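What follows is a short report on a single structure.
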Amino acid sequence: MSAANLAPITATDSLSQALKANIIPNQEYLLQGSVLDSAVEVLLHRLRGLCDNVDAGTETFDDQEVCFSLRDPNQQAAPLMLRVRKALDARDMPFQLRYIGQPDLGDKSRPTVVRSSLDIACSGMLIEFLNELGCRIEFEYSVKGYMFRKGRMKITVSKVFKISQSSMSPEPISQSYLVELSVLAPQGQDAIGEDMRAFADQLRPLVQLDKIDYKRLGHMS
Amino acid sequence: MQREEKQLEATLHAILNRVNDLKTAIQALISKLENEYETINWPTFLDNYAILSGHLTGLSKILQSEVAPSLRSVVVLPLQLGCERDEALARLTEGRVPACTHDLVPDLLRTKPEPQAEQRLQQFNHKASTLSHDTAQKQVAQFTKVISHVWEIISKGREDWEGESMRSAGMQPTHSIADTHALVTAVGTGKGLRPGMPSMGPSGVGAPGLGPSRGPAPQLGPAAAAMPKAPSAIKTNIKAANQIHPYQR
């Protein structure tokens, strides 16, 4: 009964408490690579041998992702990018809203890219809400493939498709599958990077998983 | 006294065994070299040297061990020296030493290196002792440099060779860096995914996108929702961004 006399614990309180305790997995450790269509079966076979979640067959996914930007008209700051993801193969699942920070590649000694990442599940009203907020669609794509899990590590092997304007079937943007190895962890758990490197080495020479800075690549080409 | 003799005998026996092992190994090596030199597999042939060196290490271990000192106090006394053929000796040595001649004794009973070798060793020792520390350091550094250079050449050669053998073995590339970069940039920045923004216009109606749903189309879900016109979206953009600022603070 005495709890009623105390100030109620608000969501903000528990959030700041969690932040203080550093238990929020808001850092994404990431390695990326690709595998040619011709070799994807070999890779899947190897992953089936290495990963945990293979007892009930390979997990597949078919998602659509839309990237929104929120520009700041007063300052010329970089626009805030928000990503919305929706499962096309499981319509009853919530939308996923995601913020991804700037990738930090660090120096040679750092095994993976580290970037801040916040995920939250949302209802279907999300798109409308973002639109009212002033967000603009930057680009969208669909991504279809396989998901594997090994301990805390997540491995996705997926095909990225351009959303076609007409009712034509979506067009793949390359002859390869995108391979991503990622872990979400609270700040400062850098040891996981070494585990990821070790796992990535087991996929060589089939796939070369690396730290890739897409910002720099975008400027180059 | 008897105990010492027994010990000596045991030591000799062990040494004899080792020497015999060594002998058979050398014999095998020589016969292989003489008879199979055309079909020999050289890497496996090199293993023979490993066997030899193993036997030699075993032998030197016995000689260094505790029982060895008793050997030092034993004198080998040549009893007979002559040019006549000694059948017993020839049999003992499998025909290699027919007689205990003046020619062979200095070699067989030698306990020190040959005088020539001894002299050269002394020369080297003298040279080494007169060398100054700096020059020695310099030479060591130079040597290290040369060795590391050679090491580099060899490892580079090995890499090339291995790469070639991989290629010749029919290993096709399973990944392409260009594709990796294309995919990562597309997902990261939308490069190649922005269709010149026509999807923002009215032509984008019916596009299977997650466009912002406007108006009543909930039964179709957002996947089949109509897109708004681009200009209006931008306008709301500016307004809305101004409005949301207070909430951010």
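Treat the numbers as computed from the prediction; the structure is a model and nothing was measured. The chains referred to below are lettered A, B, ... by the order of the sequence lines, with proteins before strands, and numbering in each begins at 1.
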| note | Turns out that what part of A:Phe161 lies under 4.5 Å from chain B's heavy atoms comes down to backbone
| query | Relative to chain B, which segment of A:Glu180 carries a heavy atom at a distance below 4.5 Å: side chain, backbone, both, or neither? | reply | neither
| B:Tyr49 and B:Phe45 aromatic ring geometry - parallel, tilted or perpendicular at 30°/60° bounds | perpendicular
| said: Under a 4.0 Å threshold between the charged nitrogen and the carboxylate oxygen, would B:Arg120 count as salt-bridged to B:Glu114? | reply: no
| request: Name the region of A:Ile173, side chain, backbone, both or neither, that has any atom closer than 4.5 Å to a heavy atom of chain B. | output: side chain
| query | How close do B:His175 and A:Ser34 get, heavy atom to heavy atom, and via which atoms? | reply | CB-O, 3.0 Å
| Is a salt bridge present between A:Asp195 and A:Arg152, judged by a nitrogen-to-oxygen distance below 4.0 Å? | no
